[in-house]
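The structure under discussion appears below in the form of structure tokens.
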There are 2 protein chains.
Amino acid sequence: MRSHLWKADTVSPPPGLRERKKQATREALREAALRLAVERGPDGVRVEDIAEAAGVSPRTYNNYFASREQAIVAAVTADRETRIAAAVAARPTEVRLADAVTEAVVEQYTNTREHEREALLLITTRTALREAFLDTTTGIEAPLTAVLAERLGDTEARTARVLAASVATAVRIALDEWLQGTGTDAAGAGATGLLIPSGALPDLLRGALAPLAPAFDAAENPSR
Amino acid sequence: MRSHLWKADTVSPPPGLRERKKQATREALREAALRLAVERGPDGVRVEDIAEAAGVSPRTYNNYFASREQAIVAAVTADRETRIAAAVAARPTEVRLADAVTEAVVEQYTNTREHEREALLLITTRTALREAFLDTTTGIEAPLTAVLAERLGDTEARTARVLAASVATAVRIALDEWLQGTGTDAAGAGATGLLIPSGALPDLLRGALAPLAPAFDAAENPSR
DNA sequence: CAGAAAAGATGCGTGCACGCAAGTTTGCGT
DNA sequence: ACGCAAACTTGCGTGCACGCATCTTTTCTG
């Protein structure tokens, strides 16, 4: 149930009651996770607490999230992966694909709400939360693969998947460097006045994605 | 202790007694894990059993491996990641870097001993073991980054890391397709006479790594 | 409209997985 | 040779994380 199989086909019948209740439960869990983590500190929240706040049992919690950390970071990333794919799909086909992907990633990772900055600050203070946050980048692969396959042609399905997965891993590297720069547990924990310089993140993302541009160019124009 | 920080500098003083005992413990644990998994089936082995067979406590087991599955697959992969990096480093610098990496990967993933084939068959029967096996590809990044940085020049450290991580993720995709082709839990569990067609793996690996070749070429010859 | 099938929620039991503290072993410097 | 620091081992307690079985809710079909 946690593995969300994403399909490029966005025209689908309106979801039924069961599907709507599932989404509502998922959102309730991740909002509760983040709210409690911010209120009590990340160590003061147990799965039992989150489940109770969301009105479900701890067993149900584990049907949705495999760990405490996953729910907390889910509140931050909130479907960012599908938004990245949608942003790439929305760009005109004459835009260089490598540029389209890069700008979509930069756009989605810097349009942060105030609430999210607070959550990111929280995430930097714990190793398990940082790892879970970095792990969310794997969610970029499936939706982006679908968009790239459509753009490159279905015969390039393998290429689409490799390129999409490489984008995900480049994003992970950029975020890892970014979070390292904000201070690790040893330096960042308990530190006061620490701010996340989001101005640096676009440069890190562009720098991490740049080495992949030739691969995108070659896939887009195989005759060269 | 589980995160093994790999250094390209291979000339180092001979390890001390403590280091040798750590390595011996790690090897004892992974050999015990695999032996017990083969003897009793993967579901018949507990961490307590593995620890006892290796002569350490369960707590010590978790100092070395974060899960039951990690020890089992560690017996299969057995430092393959460092061997890949060493194989790339050993190739003459006039060999195209993309080719060097591809051939090193293919070589290290197909030189399998009979014992390993038995373990791979076991791995295909359980989802958790397959996921853990795929996760081992992340270990390719650090050693390969060091080799690529040396080859491309230290100013390209970021590029080296992105390319190495992309190789790791391409290998993961190839292995995922390969394991899917050998049958999933539904089809493979309990199936008799199922063989892993290792002849197909080189093609899958080459196919997965091919889209990254232009990125390697551009990094190797930036003036073009 | 009613019954069957599918999917979700939950309790229970089991096996972890990890932080912490205390004890032991190894390495290093004098 | 000895003392101290670093690293490792281990017991203990706590909070999971998951498989299984059972019950409930939603969807689908005749």
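Sequence lines set the chain letters: A, B, ... in the order given, protein chains first and strands last, and positions in each chain run from 1.
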| query | How far apart are the closest heavy atoms of A:P211 and A:A208, and which atoms are they? | reply | CD-O, 3.3 Å
Can a side chain N or O of [X] be found less than 4.0 Å away from OP1 or OP2 on [N]?
X: A:S57; N: C:dA9; value: no
X: B:Y64; N: D:dT9; value: yes
X: A:K22; N: C:dA7; value: no

| query | In chain order, what residues pass the ring pair (Phe, Tyr, Trp, His ring centres under 6.0 Å) check against A:Y109, with sequence neighbours excluded? | reply | none
Using salt bridge (Lys or Arg N to Asp or Glu O under 4.0 Å) as the criterion, list what pairs up with [X], not counting sequence neighbours.
X: B:E52; result: none
X: B:R20; result: none
X: B:E118; result: none

| query | B:R30: what forms a side chain to side chain donor-acceptor pair (under 3.5 Å) with it, not counting sequence neighbours? | reply | none
| side chain to side chain donor-acceptor pair (under 3.5 Å) partners for B:D49, two or more places apart |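 Listed in chain order: B:R40, B:R46.
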| Does the salt bridge (charged side-chain N to carboxylate O under 4.0 Å, His left out) test come out yes or no for A:R126 and A:E69, once each step is laid out? | CA-CA 10 Å; A:R126 294 294 184 281; A:E69 288 74 22; over 6 Å; no
| Near DNA chain C, under 4.0 Å by heavy atom, which residues of residues 45-52 of chain B? | B:R46, B:V47
Can you tell me how far [atom2] of [N] sits from [atom1] of [X], to the nearest Å?
X: B:Q70; N: C:dC16; atom1: CD; atom2: P; value: 14 Å
X: A:Y61; N: D:dC18; atom1: OH; atom2: C1'; value: 14 Å
X: A:D43; N: D:dC16; atom1: CG; atom2: P; value: 11 Å
X: A:N62; N: C:dG8; atom1: CG; atom2: C1'; value: 15 Å
X: A:E131; N: C:dA17; atom1: CD; atom2: C1'; value: 16 Å
X: B:R40; N: C:dG15; atom1: CZ; atom2: C1'; value: 15 Å
X: A:N63; N: D:dG19; atom1: CG; atom2: P; value: 10 Å

For residues 164-174 of chain B, dump all side-chain donor-acceptor pairs below 3.5 Å to protein atoms at least two apart in sequence or in another chain.
unit_1: B:S166; atom_1: OG; unit_2: B:V162; atom_2: O; d: 2.8
unit_1: B:R172; atom_1: NH1; unit_2: B:D135; atom_2: OD1; d: 3.0

| query | Less than 4.5 Å apart, any side-chain heavy atom of A:V73 and any of A:L129? | reply | yes
Under 3.5 Å, N/O pairs linking protein and nucleotides 1-4 of chain C:
none

List, with names and distances, any nitrogen or oxygen atoms from the protein found under 3.5 Å away from nitrogen or oxygen atoms belonging to nucleotides 19-21 of chain C.
unit_1: C:dG19; atom_1: N7; unit_2: B:R59; atom_2: NH2; d: 2.9
unit_1: C:dG19; atom_1: O6; unit_2: B:R59; atom_2: NE; d: 2.6

| task | Note down the inter-axis angle between the two ends of the helix from C:dC1-D:dG30 to C:dT30-D:dA1, five pairs each, to the nearest 10°. | result |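 Result, rounded to 10 degrees: 40°.
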| query | Stepwise, does the salt bridge (charged side-chain N to carboxylate O under 4.0 Å, His left out) test hold for A:E39 with A:R35? | reply | CA-CA 6 Å; A:E39 285 174 7; A:R35 175 170 56 80; 3.7 Å; yes
I'd like a list of close polar pairs between nucleotides 24-28 of chain C and the protein, N/O only, cut-off under 3.5 Å.
unit_1: C:dT25; atom_1: O2; unit_2: B:R18; atom_2: NH2; d: 2.6
unit_1: C:dT26; atom_1: OP1; unit_2: B:K21; atom_2: NZ; d: 2.9
unit_1: C:dT26; atom_1: O4'; unit_2: B:R18; atom_2: NH2; d: 3.1
unit_1: C:dT26; atom_1: O3'; unit_2: B:R18; atom_2: N; d: 3.3
unit_1: C:dT26; atom_1: O2; unit_2: B:R18; atom_2: NH2; d: 3.3
unit_1: C:dG27; atom_1: OP1; unit_2: B:L17; atom_2: N; d: 2.4
unit_1: C:dG27; atom_1: OP1; unit_2: B:R18; atom_2: N; d: 3.0

| task | Drop me the distance from A:D203's CG to A:W178's CH2, to the nearest 0.5 angstrom. | result | 12.5 Å
